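Step one of this worksheet: look at the structure below.
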Amino acid sequence: MDIIKRLFKFTWSAAMLGSLSLVSSGCSSEQDEPTPPSSEPTPQIIVLYGPGGLGDQGYNDCILVGIQNFKKAHHDDVEMYQYSPGTIEEAERLLSDWLSLPESNIPALFIAGSNDYEELVTDALKVRSLTPNKRLLLFESDNEEGLPITTFRMSMYGASYLAGVTAATYLQQRNAGTESKKDALILLAHQGDKTIAKAGNGFRDGFKNSGVDAEAFTEYLADDWTGYISAQVAYQRMSDWTKSYDFIFPVAGGSNQGIYRYTREYANSPLTAGMDIDQSGLSRNITGSVIKHIDQVVYNYMEIWLSTGELPESAVFGLESGYTDWLLSPYFTNYQSIVDAARADAIRKEAADL
């Protein structure tokens, strides 16, 4: 138990409370009545957020909303420890310490809340196996190694396909009758993330299938996970991107904030897209947002584990599941009929991509 006590128990800061207030409207709220106290050993949950991810006003903060809603509903039923590591090495030490705990009668769940931890989890389980009382949930993975864990993945392909249709329609109108035609940019955090790569593929397919006389190019912000926390880099590069592109589709976590900031400050900025939650309030240039109800997913997985002792089966959640979607900004509702007409095609193509 000394190891558990050494784990950093997450506490709110003023900055984090501000971030949460921004995302709470985009994430659903689940507040079931807490169950009666039990004489059984109190289950324990450790949550490991993505490295440097909290405060991104998107994906990681939405996970935080789901975790906090669960904690509020079950504060008497479970002990929760939340950790936001600054590096992969810190995350590795935490997981190693948890795996080294001896078998006990205490149900224990470790939540690895990022696919940046896939290699870490794989390597750690080669050294130490899960004891019978432990379960591990890994986000955004297909578990190609066949590890004795549960995974889920939020497919962004279908929602991104609809974003591509929206961008193509805009560029088709924008480029009509002009000689200075511009293209679209798919901006990804780094090349090694398969989940965001599929989002890029979805956007490109929706863009191309719309028959627009333009191209969708791809660039990366970094070589590793730091591409998710490089808002200043994205901001600095926007002056060059603005010269070549009239639409930027950014799938780069907190780095997207640099793009949104630029569009607020410069009138000639390209149109863009929000990610993970409804971010239309951050810029008039955001045409819509790729929505991921990750708070609902993580809440449901924890709820089932707490009540049954087991996690649900691994799954992939796409546009048809309702956990992902493309939500137009209030300033661009004129594209709604076009998006609606493309939805069935997006669902069909995503099913083939899964």
Side-chain angles (χ1 to χ4, degrees), residues 22-23 25-28 56-59 61-62 154-174 182-188 195-196 198-210 212 214 216 234 238 241 245-264 269-294 317-347 349-350:
L22 289 175
V23 302
S25 61
C27 302
S28 62
D56 63 358
Q57 299 182 34
Y59 183 81
D61 286 0
C62 201
M154 305 284 284
S155 173
M156 301 169 68
Y157 180 97
S160 300
Y161 183 98
L162 296 178
V165 170
T166 303
T169 304
Y170 164 73
L171 286 183
Q172 201 162 25
Q173 297 169 350
R174 165 68 174 78
K182 291 186 178 181
D183 298 307
L185 173 66
I186 300 168
L187 179 65
L188 305 182
T195 298
I196 62 174
K198 286 182 177 291
N201 293 339
F203 179 89
R204 182 178 291 104
D205 289 346
F207 190 84
K208 286 184 176 181
N209 290 346
S210 297
V212 62
M238 276 294 288
W241 290 333
Y245 305 110
D246 257 347
F247 197 100
I248 296 179
F249 184 68
V251 197
S255 300
N256 292 3
Q257 298 303 317
I259 295 171
Y260 305 148
R261 173 189 163 196
Y262 189 95
T263 64
R264 293 193 298 267
S269 301
L271 295 188
T272 185
M275 285 290 144
D276 303 323
I277 65 170
D278 180 5
Q279 296 183 320
S280 59
L282 297 179
S283 171
R284 288 291 295 265
N285 286 44
I286 293 177
T287 57
S289 299
V290 173
I291 303 295
K292 297 165 72 176
H293 295 297
I294 185 68
F317 304 109
L319 190 60
E320 193 171 23
S321 74
Y323 285 124
T324 66
D325 206 349
W326 170 247
L327 178 66
L328 286 171
S329 161
Y331 308 114
F332 292 90
T333 54
N334 54 307
Y335 293 107
Q336 190 63 60
S337 61
I338 296 167
V339 170
D340 291 343
R343 183 171 292 271
D345 194 36
I347 291 174
K349 289 182 178 296
E350 182 172 56

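Computed from a predicted structure; not experimentally measured. In this chain, numbering begins with 1 at the start of the sequence shown.
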Using a 3.5 Å distance criterion without hydrogens, assess whether the side chain of [X] forms a donor-acceptor pair with backbone atoms of [Y].
X    : Y    : result
D246 : P270 : no
D276 : Y59  : yes
D56  : G58  : yes
N285 : S269 : yes

TODO: Would you name the heavy atoms of V290 and A159 that are closest together and state the gap between them?
DONE: CG1-CB, 3.8 Å

TODO: Compare every heavy atom of M156 with every heavy atom of A199, then report the nearest pair and how far apart it is.
DONE: CB-CB, 3.7 Å

Would you say the side chain of [Y] lies within less than 4.5 Å of the side chain of [X], judging by non-hydrogen atoms?
X    : Y    : answer
F332 : S280 : no
Q257 : R261 : no
L162 : L319 : yes
T324 : Y157 : no
I259 : L187 : yes
T263 : M238 : yes

Euclidean distance, [Y] [atom2] relative to [X] [atom1], rounded to 0.5 Å:
X    : Y    : atom1 : atom2 : value
I291 : M154 : CD1   : CE    : 10.5 Å
R204 : S160 : CZ    : OG    : 11.0 Å
T166 : N334 : OG1   : CG    : 9.5 Å
T272 : L282 : OG1   : CG    : 10.5 Å
I186 : F249 : CD1   : CZ    : 7.5 Å
I294 : D61  : CD1   : CG    : 13.0 Å

- [ ] Test V165 against every option in I338, D345, N209, V212 by the side-chain contact (heavy atoms from CB on, under 4.5 Å) rule and name the one that passes.
- [x]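 Single pass found, and it is I338.
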
- [ ] Kindly indicate, with the supporting measurements, whether the criterion side chain to side chain contact (heavy atoms under 4.5 Å, CB included) is fulfilled by F203 and V251.
- [x] CA-CA 11 Å; F203 179 89; V251 197; over 6 Å; no

TODO: Return the orientation label for the Y170 and F247 ring planes: parallel under 30°, perpendicular over 60°, tilted otherwise.
DONE: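 Aromatic pair Y170/F247 classed tilted.
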
Between [X] and [Y]: side-chain donor-acceptor atoms closer than 3.5 Å:
X    : Y    : answer
W326 : S289 : no
Q172 : S210 : no
T287 : S329 : no
E350 : Y161 : no

Open item on the list: If the threshold is 4.0 Å, N to carboxylate O, is there a salt bridge linking K198 and D205?
Closed with: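 Salt bridge between K198 and D205, a charged N being under 4.0 Å from a carboxylate O: no.
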
Open item on the list: Other residues, nucleotides and ligands only: do more than 12 of their heavy atoms fall within 6.0 Å of CZ on R284?
Closed with: no

